[in-house]
There are 2 protein chains.
Amino acid sequence: MALIVQKYGGSSVADATGIKRVAQRVVASQQAGHAVVVVVSAMGDTTDELLDLAAQVSEHPPARELDMLMTAGERISMALLAMAISGQGAVAQSFTGSQAGMITDSIHGKARIIDVDPHRVRTALDKGHIAIVAGFQGMSRSTNEITTMGRGGSDTTAVALAAALDADVCEIYTDVDGVYTADPRVVPSARKIDKISSEEMLELAASGAKILHLRSVEYARRFGLPIHVRSSFSDQEGTWVLPSEPARTIKEGVALEQPIISGVAHDRSEGKVTVVGVPDIPGKAADIFGIIASAHSNIDMIVQNISTHGSGRTDISFTLPMVEGADALQALKDAQASVGFEDLIYDEEIGKLSLIGAGMRSHPGVSYKFFKALSDAGVNIDLISTSEIRISVVTRADLLDTAVRAVHQAFDLDGTEEATVYAGTGR
Amino acid sequence: MALIVQKYGGSSVADATGIKRVAQRVVASQQAGHAVVVVVSAMGDTTDELLDLAAQVSEHPPARELDMLMTAGERISMALLAMAISGQGAVAQSFTGSQAGMITDSIHGKARIIDVDPHRVRTALDKGHIAIVAGFQGMSRSTNEITTMGRGGSDTTAVALAAALDADVCEIYTDVDGVYTADPRVVPSARKIDKISSEEMLELAASGAKILHLRSVEYARRFGLPIHVRSSFSDQEGTWVLPSEPARTIKEGVALEQPIISGVAHDRSEGKVTVVGVPDIPGKAADIFGIIASAHSNIDMIVQNISTHGSGRTDISFTLPMVEGADALQALKDAQASVGFEDLIYDEEIGKLSLIGAGMRSHPGVSYKFFKALSDAGVNIDLISTSEIRISVVTRADLLDTAVRAVHQAFDLDGTEEATVYAGTGR
């Protein structure tokens with residue numbers, strides 16, 4: 001008997017039919033002899049409908065009340081799923097984030113988990129019940145307030161709960177049958193990946209592959225938890241994300257015989273900020289990133305240009321999620337005088353492309369092949385950043401698809417079967 | 001400066017426009033110098049929509065999960081109202097039932113309040129904030145489960161919170177402008193009552209006047225709390241329900257000069273159970289009502305007929321809410337052998353009519369006039385029950401309107417102005 005945590009996204013529970021189908025799958029897992037915990041997102045469009053109502057009553061709804069509003073969505077879907085399961089003869093109990101012990105910090109709208117105490121979930125499992133847990137939400141221990149974790153939060157709930165319960169696997173159900181070597185909408189010949197290390201998945205997620213949220217992969221890697229990404233519409237095996245030994249070896253810099261390229265990811269959700277004319281003296285970069293951190297923005301790529309101003313000044317560019325752009329710019333503007341920079345430039349017409357794979361550092365041929373493919377395709381490069389298992393570049397947004405196809409083909413990633421349609425997973 | 005608790009029903013917050021209108025009224029109360037706590041029901045049809053979804057996924061949804069589902073409704077309306085208020089420049093914080101300290105027993109779907117600990121509400125008021133509280137819901141202290149209080153629960157939340165906060169008044173906003181001498185849909189000439197004692201209001205509510213829920217009136221009376229029933233669509237004074245001195249005198253049996261008739265109430269929501277052939281020995285009535293109590297049914301009128309069976313058997317009839325009829329009948333059937341009765345008869349084609357007013361006991365003329373009016377109108381009487389300030393009769397359902405009009409006219413209750421339309425208040 002295994003302990004399985006299953007996560008179903010909003011599209012899987014969009015209506016009564018979907019909820020009953022998920023209930024069948026959950027009950028079947030229990031009948032196969034497993035203890036089952038289910039994490040569920042809000043039904044289909046609920047989140048958008050609630051956000052629309054909020055916009056109708058207030059231009060700037062307070063974050064605390066937005067969280068209070070949003071969390072109603074999972075409350076509805078989880079109660080309905082528990083009912084549907086009990087309608088099929090099993091016993092289910094639903095739990096809100098706070099009932100399930102999802103303790104977060106107090107940043108409304110993008111809270112982070114700081115502790116998980118699922119004793120009520122465990123009691124339900126001990127009784128042979130199926131436990132349903134609201135994804136995406138928690139409670140702040142310091143303020144006793146209801147919080148939400150931002151996009152991808154339900155994946156994070158599932159993985160964190162699986163880690164706290166010492167589950168055998170966390171199954172993430174979605175509307176695609178696994179992780180692909182590239183977005184099949186851009187590269188129709190993309191192949192499904194059967195197994196991938198947590199580290200590579202982390203780079204894929206960070207590089208914009210929307211199938212699993214970055215935070216959930218980080219969490220799984222930290223706790224050595226296997227994730228199984230699969231479709232809720234079939235019984236096929238999907239993609240296993242494994243905290244594997246080879247991946248760890250790569251992290252330590254031990255070369256493998258051949259570089260293994262996992263896939264190509266891309267991301268259109270970021271904007272680029274350039275801070276122009278920063279005094280080239282120690283501490284200024286720290287000042288700038290301190291300001292961004294206090295605006296709760298998540299910086300991705302950072303490039304500091306060489307000092308070109310003669311007068312000891314330099315430019316610092318970085319990318320960050322577009323939704324956080326306005327707040328970050330405002331915070332920087334407020335600090336212009338104290339930091340002493342000259343100007344701010346903000347650009348949303350960019351795209352990011354990343355190649356992920358093990359053994360890149362020891363194979364200079366990889367970088368060469370990568371940049372040659374982009375150059376042959378006529379794609380100009382704006383920013384570059386690399387890690388042991390990833391190369392990322394920022395290009396013009398309108399050239400991104402061309403770039404993805406060129407790199408995917410250059411590394412012989414094309415498969416033989418046509419892929420099923422790929423879609424984002426929402427919460 | 002007064003502390004005011006305001007309750008708005010679902011029809012007042014049915015859409016964004018309604019929510020903004022309520023927000024204006026709330027902010028105006030605060031600007032008039034008052035501390036304001038708002039209790040809010042779910043938006044318009046939310047409850048019915050959620051119940052419909054529940055019916056689609058399960059034939060017999062578990063009560064715990066139904067409560068979990070239903071409480072999402074107030075969560076949505078209260079968060080939106082808090083946003084709308086902050087959009088108008090005031091500061092509001094919303095609280096779920098459990099956050100507001102509404103502690104109940106653990107009977108899902110019809111929980112009763114056993115304690116109120118509104119320290120978070122008080123803290124919000126101390127900061128000059130407006131507190132918004134979800135009506136209709138609470139948390140069981142023994143099971144830590146979310147509970148709901150059944151129909152009229154939001155009124156009860158408002159009154160209980162007002163009592164715990166030692167508020168100056170509890171304002172119940174609805175879509176009529178007060179309490180009438182009879183249902184204006186049945187008696188168009190019914191008059192609005194300006195002031196009524198808690199005791200008389202209690203009898204009116206218990207007799208089927210749907211404007212205030214019985215439990216909330218009981219609660220207000222126990223804590224000496226004034227209720228002001230008024231329309232959310234106008235600034236007119238409504239009906240004050242006062243825990244007044246005269247009312248107490250009446251309870252103690254002191255006669256007034258003239259009987260004061262408050263109004264005529266009617267109720268079509270009850271069914272009549274007759275337990276036929278009960279052994280006429282001590283303890284059998286207790287057995288029967290013990291069985292009904294354990295099925296969590298609320299019995300209203302009880303009549304034990306004289307023993308007509310020769311063999312020492314009697315019939316016991318009582319009325320109870322129709323929605324509880326099936327459970328109560330099943331519980332009685334299960335106990336037929338042990339109690340030893342012969343048969344059960346259940347009748348839903350009944351109506352209840354009540355005349356409420358102070359000083360009835362000391363004025364035998366009241367009963368005479370009451371029964372004569374019914375007799376003149378050709379209305380046959382099935383059951384009778386009386387208290388110091390009320391006479392109730394059960395008639396055939398199809399004669400109820402005729403009976404109400406006849407009694408209303410006999411006691412000169414007809415007003416001169418046409419009444420506004422009367423409607424139930426839902427939760």
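Order of the sequence lines fixes the chain letters, A, B, ..., with proteins taken first and strands second; residue numbering starts at 1 for each chain.
Within the 4.5 angstrom heavy-atom criterion, atoms from both the backbone and the side chain of Leu66(B) approach chain A. Heavy atoms of Ile19(A) lying under 4.5 Å from chain B belong exclusively to its side chain. Asp15(B) does not touch chain A: none of its heavy atoms, backbone or side chain, sits under 4.5 Å away. Residue contact with chain A, scored on non-hydrogen atoms closer than 4.5 Å, involves the backbone and the side chain of Gln56(B) alike.
Atom CG of Leu69(B) sits about 9.5 Å away from atom OG of Ser77(A), to the nearest 0.5 Å.
Across all their heavy atoms, Leu53(A) and Met43(B) have their closest contact at CD2-CE, 4.2 Å.
Note: Leu80(B) leads Thr17(B), Asn144(B), Leu80(B) in heavy-atom pairs under 4.5 Å with chain A. Of the residues considered (Arg64(A), Lys20(A), Glu59(A)), Arg64(A) shows the highest number of contacts with chain B, using heavy-atom pairs under 4.5 Å. Counting heavy-atom pairs under 4.5 Å between each of Ile132(B), Ile146(B), Asp67(B) and chain A puts Ile146(B) at the top.
Within 6.0 Å of atom CZ in Arg25(B), more than 12 heavy atoms from other residues, nucleotides or ligands are found, so the atom counts as buried in its surroundings.
Within residues 82-102 of chain B, the residues that have a heavy atom under 4.5 Å from a heavy atom of chain A are Ala82(B), Met83(B), Ala84(B), Ser86(B), Gly87(B), Ala92(B), Gln93(B), Ser94(B), Phe95(B), Thr96(B), Gln99(B), listed by number.
The pair Arg75(A)-Glu65(B) does not meet the salt-bridge criterion, since no charged nitrogen lies less than 4.0 angstrom from a carboxylate oxygen.
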